[in-house]
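Chain A is the first sequence line, chain B the second, and so forth, proteins listed ahead of strands; every chain is numbered from 1.
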Amino acid sequence: MASPLAVEVRALSKTYQVHERPPGLAAALRSVFRRKYRTVHAVADLSFTVEPGERVGFLGPNGAGKTTTLKMLAGLLHPTSGEARVAGHVPRRREAAFLKSITLVMGQKQQLLWDLPPADTFTMNRAIYEVSDADYAETMGDLTELLDLGEIMKKPTRQLSLGERMKCELAAALLHRPQVLFLDEPTIGLDVAMQLTVREFIRQYNERRGATVLLTSHYMDDVASLCPRVVVIDQGRLRYDGDLPTLVQSIQPDKRVALRFSGVADRDALARAGKIVEFDAARAVIQIARADLREAVGHLLGLAWVSDLTIEDPPLEEVMRELFSAPKSEEAATADAVESA
Amino acid sequence: MSLLADLGRAARAYPTLLRVGFAEAVAYRAEMLVWMLTTTMPLVSLALWSAVAETAPVGRFTERGFAAYFLATLLIRQLTGSWLVWELNTEIRSGTLSRRLLRPIHPLITYSAENLAAIPLRFALTLPAAIVWLVVLEPGAFPRAPLDLLAMVLSLIGAWLINFFTMALIGSMAFYLESSTAIFDLWMVAFMVLSGYLVPLDLFPQAIRSVAHALPFRYTIAFPVEIATGLVRGQAMLRGLLIQWTYVLGVGAAAILAFRAGVKRYSAFGG
Amino acid sequence: MLRYLRLLGLGLRISISLGAQYRWNFLVDGLVSILYTILGLIPLYIAFHARPSLHGWTYATALVVVGWFSLLKGILDGAINPSLLSVVDQIRQGTLDFVLLKPADAQFLVSTAKFEPWKVVDGLAAIGIFAWAFHLLGRAPGGLDVLASLGLLGCATLVLYSIWILVVAAAFWVVRLDNLAYLFNSVFDFARWPVSVFRGALRIVFTFVIPIGIMTTYPAEALLGTLTLQTGLLAVAGSFGFVVLSRTVWTRAIGRYTSASS
């Protein structure tokens, strides 16, 4: 009966009417009586599918429509047109069975009750989601182990650090064992160690329970290490749907070679091998086309003063910057404001 | 950093602050409407007390007397009201106060500009009430002598200042407590009755009236209203002015100090 | 249904444990309540004491209205306001999304999020006022009258709650709404007066728009034994009307938030 696909999106669109507020006294007065509106296309004609158990990363600049898409899939927003199905349900109908099978975690916002310990939020959610005692015990045991929760769930939320709060937030969001996880910038603002913890947790949760994960993040490392598949959205439209290495290669086909020197380096020799990106007394980074890589590396290794050599991909941030370097339209700038509202 | 230079800079920037403040006031139409409605409460009091005075005057107040009193209350509330407590609470809690602190002008000055900017608009919208008031007022009640007029203007300015500084003082509590709106509620409870907003102070039992005359609440509403409607003149008026401006200086000093101390704490905790 | 009762109990339990953390709040709130009650009696005293009766109301009978006002204020401040005020904040911060994600009715969740059970002090003040009023009247309220008034108290609570839902629903259409709560409280303050004191347009407003009649006057009349059956039935019908209206508007508001109607 249930559709085999976890998420199915077809020609999904979302447009907003935003009223313009020009500066100046006269314009301000006029806007009391008559307002001018402009149409913003936050999401335009989006189509993709996700199999159960997949981990998909959504990439795109601010205001691209990623959060709007997630909200439509979670049933929080009604699409202007198009269709979506998640776990066999139509999200906008917000049926109880649907809501029990999904969860949404938003990076900067939390559902934990502020003045009380997270344990109270867990109790609340457990009653609302009607989780049986046996299921609850098992899930909490799992989550406590994976997230190393321990005593922190008994302290009032406002006394916890940002990282501890995020761990409890994840527990609160998952204690009803949803099949589909929507994670909107879950690691934002966290320190590196905590980012790693969260990433590891998501991976293990996905592997253990086969839950589908849709993740948006500005941290390329999150996406690179977690998501075998990425969907790139820009200005509300789908730009790419596939795996990350292929995407990187299509944009930035060159490789980077990092060298360390033991003696004095010959800059010209390096320049002949490829384009010099970095150069100082102890090390250098050269950009070399894939086609020429074998020959160039062979040549470089032959140089006496080269003590160490590694081959890397160009940093993802750079790749993404290239991908989105098309000048931002006015629309996207406003979609920014709309999304962050 | 000389004080003179600061004030000069503030003075030059003030017109622009007023303009922007006006635009902001108009930007949120619904909020403006709600504001308007809130300040029409004296009209309900008017209806109420007119009904009470139908059978017999209450003290020295006839139906017409109540009408004059409450219409004046309406107008003066529009001119002297301030909502700084909420603004401060929100800005402190959300951290947007930092933006204000970065400007080279004292935040209290920018707040005052925003407050004053809204006044012309509010007053314009209550102009019909003002006209009715002038009609209803007993001839000779309106202050005509130069001294009386001066006293009325001073009492209006004093009322606005007490309101503004009290709001700033209570709002500054938000630097220390979770939220200072609880203290504000306490103030409002006392204010509604002891300021003459709900009932003219003249009608109070003697003992309570004396207390009310000593507290600052009267000097935010009832005192200017009493001057404007001819209820207080001469010695009593001058005495009232003295008390009012003592409160202005006292509350003003407290507010500035509390705000400064609060900002230090705010910055120490990384705002 | 049972599930919602259980959730309500849970919400209450959590609120009480939260309240235990803010012990000084209890004291301050108690102080404010008592001050508010005493100060609120002054205008009443001036209007009624040693004066001819006003549209059938004397000082003693008007006190009964004030008593119901205090009781209702306690319910408002303790059970209705805390939850609904935070909704406005949640809309602004975007955390209302979490409420909509839960498989339970949003209005219920939002209304039971927070209680302040220590506001029960207002209830005690009300009983004190009733005792004083009936002392002045020289009699005690009839048993049937008490029952009728308790029934009307239920209606009054429903009306008060529904009006608040309407107010909060407005926050979905408009961004900034801090002062709407203040407006509501200012208007509600007039519920300490018997509704028959008001005439004309104001009377209509206070009977149908902000029905302080249902909220305080009719329960007072019930307790005094002067409520007609017709008025009582109208009050009941009116309160159900309000519940239906507020539910409809709330649903529309949520629809707008989720752009359901676009």
Counting heavy-atom pairs closer than 4.5 Å to chain A, which one of C:T95, C:D97, C:V99 comes out on top?
C:D97
Can you tell me how far CG of A:L76 sits from OH of C:Y257, rounded to the nearest 0.5 angstrom?
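Going from OH on C:Y257 over to CG on A:L76, the span is 7.0 Å.
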Would one find more than 12 heavy atoms of other residues, nucleotides or ligands at under 6.0 Å from atom [atom1] of [X]?
X: C:R203; atom1: CZ; answer: yes
X: A:R10; atom1: CZ; answer: no
X: C:F240; atom1: CZ; answer: no

Chain C: which of A:R94, A:E95, A:Q108 shares the most heavy-atom pairs with it under 4.5 Å?
A:R94
Just so I understand: if I count every heavy-atom pair under 4.5 Å between each of A:Q17, A:H176, A:E130 and chain C, which residue has the most?
A:E130
For chain C, find its close neighbours in residues 119-129 of chain A: heavy-atom separation under 4.5 Å, sorted by number, or none.
A:D120, A:T123, A:M124, A:N125, A:A127, A:I128, A:Y129
Restricting to non-hydrogen atoms, name the atom on [X] and the atom on [Y] that form the minimum distance, rounded to 0.1 Å.
X: C:L101; Y: A:L104; value: CD1-CB, 3.4 Å
X: A:A96; Y: C:P103; value: O-CB, 3.9 Å
X: C:F98; Y: A:Q110; value: CE1-C, 3.5 Å

May I have the step-by-step check of side-chain contact (heavy atoms from CB on, under 4.5 Å) for A:Q111 and C:K102, ending in yes or no?
CA-CA 11 Å; A:Q111 59 162 307; C:K102 303 273 193 302; 3.0 Å; yes
Out of A:K71, A:R92, A:M72, A:H78, which one pairs with C:T258 under the side chain to side chain contact (heavy atoms under 4.5 Å, CB included) rule?
A:H78
